[in-house]
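The first residue in the sequence is number 1, and the count goes up from there.
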Amino acid sequence: MIAAFRILADVLGYRLRRLEMANLGGALSILVVLHATLPDIAVRTAFALLLNVLVYLNNDYLDAAFDVRAKSRNQAQARFLLDHAATARTLQWLLALSLVAIACWHDVGLLLSFVLGAGTCIAYSAGLKRKPYLDVAAMMVWGFAMPAAGFTVTRVVGYCLAGQ
């Protein structure tokens with residue numbers, strides 16, 4: 001259990017320090033512009049945060065073997081992740097199942113953000129990031145999908161805002 005908390009803290013801490021979760025601000029801005037209720041804002045922001053943790057944990061997990069050998073990476077953090085790979089995989093499944101459950105409970109439209117966001121990022125981390133042009137296309141889809149947690153699928157203006 002301690003390993004799971006450390007893995008999550010490492011993923012969150014590293015990404016927050018590097019300001020890599022800016023799409024949370026995008027989702028929150030869309031929610032405010034569309035006059036969402038406070039409960040909707042809370043659920044969708046939590047969903048977007050968990051989605052970020054899932055995709056960044058997946059990226060760290062898939063890159064750990066490389067990162068442990070790279071001088072420019074946090075080798076101790078990568079080694080810890082490799083040593084606790086089963087815990088990292090379990091966390092990924094728990095996060096994915098939690099996201100699907102939240103979407104089914106709150107708004108199945110959140111599955112759009114989940115499938116496009118997580119699916120694209122998993123494919124990107126698994127190999128698209130080494131494929132010119134496909135890497136950029138994947139990040140464009142991901143750049144839309146992550147803030148898409150901030151609107152219901154029936155709100156056309158939400159698509160326009162997320163597409164920016």
Restricting to non-hydrogen atoms, name the atom on [X] and the atom on [Y] that form the minimum distance, rounded to 0.1 Å.
{"X": "Ala88", "Y": "Ile7", "answer": "N-CD1, 4.1 Å"}
{"X": "Cys121", "Y": "Val55", "answer": "SG-CB, 3.5 Å"}
{"X": "Asp60", "Y": "Val11", "answer": "OD2-CG2, 3.6 Å"}

Judged by atom type as modelled, is there a donor-acceptor pair below 3.5 Å linking the side chain of Asp135 to the main-chain atoms of Tyr133? yes

Is there a donor-acceptor pair under 3.5 Å between the side chain of Gln75 and the backbone N or O of Asp67? no

Among residues at least two apart in sequence or on other chains, which ones pass side chain to side chain contact (heavy atoms under 4.5 Å, CB included) with Glu20? Tyr14, Arg15, Arg18, Tyr56

Report the hydrophobic cluster partners of Ile122, with the cluster defined as I, L, V, M, F, W, Y residues connected by side-chain heavy atoms closer than 4.5 angstrom, directly or transitively. none

Per the ring pair (Phe, Tyr, Trp, His ring centres under 6.0 Å) rule, what does the pair list look like for residues 69-90, sequence neighbours excluded? Phe80-His84

By the salt bridge (charged side-chain N to carboxylate O under 4.0 Å, His left out) test, which pairs, at least two apart or in different chains, include something from residues 25-39? none

Return each pair, listed once, that meets salt bridge (charged side-chain N to carboxylate O under 4.0 Å, His left out) where at least one residue sits in residues 102-116; pairs must be two or more places apart or across chains. Arg44-Asp107

Could you tell me whether Ile2 atom CD1 has more than 12 heavy atoms of other residues or ligands within 6.0 Å of it? no

Determine which pairs satisfy side-chain hydrogen bond (donor to acceptor under 3.5 Å, both in side chains) with at least one residue from residues 115-130, sequence neighbours left out, and list them in order. Asn59-Ser125, Asn59-Lys129, Asp63-Lys129

Qualifying side-chain hydrogen bond (donor to acceptor under 3.5 Å, both in side chains) pairs with a residue from residues 85-105, counting only residues at least two apart or across chains: Tyr61-Arg89

Do [X] and [Y] belong together in a cluster built from hydrophobic side chains that touch within less than 4.5 Å?
{"X": "Leu112", "Y": "Trp142", "answer": "no"}
{"X": "Val68", "Y": "Leu81", "answer": "no"}
{"X": "Leu12", "Y": "Leu99", "answer": "yes"}
{"X": "Met21", "Y": "Leu161", "answer": "no"}
{"X": "Met139", "Y": "Leu24", "answer": "yes"}

Return the [atom1] to [atom2] distance between [X] and [Y], rounded to the nearest 0.5 Å.
{"X": "Leu28", "Y": "Thr45", "atom1": "CG", "atom2": "OG1", "result": "5.0 Å"}
{"X": "Cys104", "Y": "Leu110", "atom1": "SG", "atom2": "CG", "result": "10.0 Å"}
{"X": "Leu91", "Y": "Leu57", "atom1": "CG", "atom2": "CG", "result": "6.0 Å"}

Would you tabulate the side-chain donor-acceptor contacts of residues 145-156 under 3.5 Å, counting partners in other chains and residues two or more places apart, or write 'none'?
| residue | atom | partner | partner atom | Å |
| --- | --- | --- | --- | --- |
| Thr152 | OG1 | Thr154 | OG1 | 3.3 |

When the side chains of residues 46-53 are checked against the rest of the protein, which donor-acceptor pairs come out under 3.5 Å, sequence neighbours left out?
| residue | atom | partner | partner atom | Å |
| --- | --- | --- | --- | --- |
| Asn52 | OD1 | Asn23 | ND2 | 3.1 |
| Asn52 | ND2 | Asn23 | OD1 | 2.8 |
| Asn52 | ND2 | Ala48 | O | 2.8 |

With sequence neighbours left out, write down each residue that passes salt bridge (Lys or Arg N to Asp or Glu O under 4.0 Å) with Asp83, or none if nothing qualifies. Arg79

With a 3.5 Å cut-off and sequence neighbours excluded, list the donor-acceptor pairs that the side chains of residues 29-37 form with protein atoms.
| residue | atom | partner | partner atom | Å |
| --- | --- | --- | --- | --- |
| Ser29 | OG | Gly25 | O | 2.8 |
| Thr37 | OG1 | Asp40 | N | 3.3 |

